[in-house]
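Comments concern the structure below.
Note that these values count all heavy atoms, side chains included, but never hydrogens, waters or copies made by symmetry.
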Amino acid sequence: MSKNKILVVYNTCTHGGVPNVAGWIEKIKPLVSQTLDGVTICHSDNGSDDESLNILKEEFGKDISYFNIKTPLPVHITFNACVRECVSRFGEFEWYIHLSSGTTFEDKSDLEKIYNYVNSDSDIARVVVPAQNDNSAPIDFIMHGLEIKAKGGNKKGHQLEQTPEMQRWDKSKKYVLRPGQRTNNHASVISNEWYKKYGGKLHPDIYNGMGVEGNYSYLATVIGKQNVIIPTDIIGRFVPNDETE
């Protein structure tokens, strides 16, 4: 195994908004304290002011890396650019993790659990870790998030509380997402094989909310691999997204 096991990219974007620096710090701290060796954390930002970014840098110093773009761009473009920059700085990694802002791994052993799992199955090229409030999920959820919303259960899509208890599949096994199926991309783990096969792009450049996620299983199939949801018995409640943005 290489010394570079996992690159975790924590994404933030504040064009037209106020940077939630305190929230970012709260979510990055558990990432820095993970037990797995060979982890690099990079804060990737698009559009925040220098004063806010400097507060973050003063908090973490050299414990994490930093990458920021001022030009307004889709999050997938800035994420891909950040990963390529980190590869140029540190070399290739075995796995790359995308974290949307407001999302984190709370247990210190979460990355170790994920790393051990993805390396136990050579068929996997991409893993999704479901957030507590995903609003786009396979039909094997008892009720799809959009259906909950349509029935007036919740007016705000990012707070629909799709919990592991709502799953119909065996929680001890991976859920293989077939081409066209999708779940939210709050937290995803992507292999270096994928990175190399697609020329340094882990996400499609276009970002369209719940529209683009269905493409990942096609991309995995093309390289003879799988796009899966991690067995939620391994890590099921550890990726909250509590609207810190």
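- For the pair H76 and N185, the minimum side-chain heavy-atom distance is below 4.5 Å.
- Hydrophobic cluster of Y218: no remaining members, since no ILVMFWY side chain lies below 4.5 Å from it.
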Identify every side-chain donor-acceptor pair in residues 59-67 under 3.5 Å, counting partners at least two apart or on other chains, and give the distances.
{"from": "S65", "atom 1": "OG", "to": "R89", "atom 2": "NH1", "distance (Å)": "2.4"}
{"from": "Y66", "atom 1": "OH", "to": "G61", "atom 2": "N", "distance (Å)": "3.3"}
{"from": "Y66", "atom 1": "OH", "to": "G61", "atom 2": "O", "distance (Å)": "2.7"}

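- When side chains are defined from C-beta on, P130 counts as touching I230, because their heavy atoms get closer than 4.5 Å.
- Applying the ring-ring contact (aromatic ring centres under 6.0 Å, His included) rule to Y216 yields the partners H203; only residues at least two apart in sequence or on another chain are considered.
- Applying the salt bridge (Lys or Arg N to Asp or Glu O under 4.0 Å) test to R84 and every residue at least two apart in sequence or in another chain returns nothing.
- Shown here for S217 and T221, the closest heavy-atom pair between the two residues is O-OG1, 2.7 Å.
- Partners of E193 by side-chain hydrogen bond (donor to acceptor under 3.5 Å, both in side chains), not counting sequence neighbours: none found.
- Ring pair F79/H98 is perpendicular by interplanar angle, where above 60° counts as perpendicular and below 30° as parallel.
- The side-chain contact (heavy atoms from CB on, under 4.5 Å) search around S52 returns P19, V21, D49, not counting sequence neighbours.
- The minimum heavy-atom distance between L202 and N80, with the atom names listed, is N-OD1, 3.0 Å.
- Residues T12 and D45 bring a donor and an acceptor atom of their side chains to less than 3.5 Å of each other.
- Hydrophobic clustering of Ile, Leu, Val, Met, Phe, Trp and Tyr side chains at less than 4.5 Å, counting indirect connections, unites V39 with I234.
- By the criterion of side-chain heavy atoms lying less than 4.5 angstrom apart, applied directly or through intervening Ile, Leu, Val, Met, Phe, Trp or Tyr residues, L99 is grouped together with L36 in one hydrophobic cluster.
- Put simply, the side chain of I28 does not reach to within 4.5 Å of the side chain of T104, judged on heavy atoms.
- With hydrogens and angles disregarded, no donor-acceptor distance shorter than 3.5 Å links the side chain of K3 to the backbone of D37.
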> Taking it one step at a time, do Y96 and V87 satisfy side chain to side chain contact (heavy atoms under 4.5 Å, CB included)?
Replying inline: CA-CA 10 Å; Y96 306 88; V87 168; 3.8 Å; yes
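- In terms of heavy atoms, I97 sits closest to F105 at CG2-CE1, 4.2 Å.
- Atom CD1 of I190 is separated from atom CG of N192 by 11.5 Å, given to the nearest 0.5 angstrom.
- Taking the six-membered ring where the residue is Trp, H43 and W24 present tilted rings, their angle falling between 30° and 60°.
- In this structure T35 satisfies the side-chain hydrogen bond (donor to acceptor under 3.5 Å, both in side chains) test together with E112, sequence neighbours excluded.
- For the pair N46 (side chain) and T71 (backbone), a donor-acceptor distance under 3.5 Å is present.
- The ring-ring contact (aromatic ring centres under 6.0 Å, His included) check on Y198 picks up W194, with sequence neighbours excluded.
- With values rounded to the nearest 0.5 angstrom, S191 atom OG is found 5.0 Å from W95 atom CH2.
- To the nearest 0.5 Å, atoms CD1 (I235) and CG (D110) are separated by 3.5 Å.
- Applying the salt bridge (Lys or Arg N to Asp or Glu O under 4.0 Å) test to K196 and every residue at least two apart in sequence or in another chain returns nothing.
- When atom types are taken as modelled, the side chain of Q34 and the backbone of D107 share a donor-acceptor pair closer than 3.5 angstrom.
- Counting all heavy atoms, side chain and backbone alike, V128 lies closest to R126 at CG2-NH1, 3.2 Å.
- Nearest heavy-atom pair across A220 and Q226 is CB-C, 3.8 Å.
- Of the possible polar contacts, one joining the N4 side chain to the F90 backbone as a donor-acceptor pair under 3.5 Å is found.
- When the side-chain hydrogen bond (donor to acceptor under 3.5 Å, both in side chains) test is applied to K70, the partners found at least two apart in sequence or on another chain are D50.
- Counting heavy atoms from C-beta on, the side chains of I114 and V127 never come closer than 4.5 Å.
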> When you look at V222 and K197, which way does the side chain to side chain contact (heavy atoms under 4.5 Å, CB included) test go after all the steps?
Replying inline: CA-CA 10 Å; V222 166; K197 291 281 189 180; over 6 Å; no
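- With values rounded to the nearest 0.5 angstrom, L31 atom CG is found 12.0 Å from T40 atom OG1.
- Residues forming a salt bridge (Lys or Arg N to Asp or Glu O under 4.0 Å) with D121 (at least two apart in sequence, or on another chain): K174.
- Residues passing the salt bridge (Lys or Arg N to Asp or Glu O under 4.0 Å) test with D205, sequence neighbours excluded: K201.
- Remark: the backbone N or O of H186 is not paired with any side-chain donor or acceptor of N184 at under 3.5 angstrom.
- A heavy-atom distance below 4.5 Å is not found between the side chains of V176 and D123.
- Residues Y117 and I124 meet the side-chain proximity criterion, which asks for heavy atoms closer than 4.5 Å.
- In this structure, N11 and S44 have side chains that are in contact, with non-hydrogen atoms separated by less than 4.5 Å.
- Here the closest heavy-atom approach between residue T14 and residue S48 is recorded as OG1-OG, 2.6 Å.
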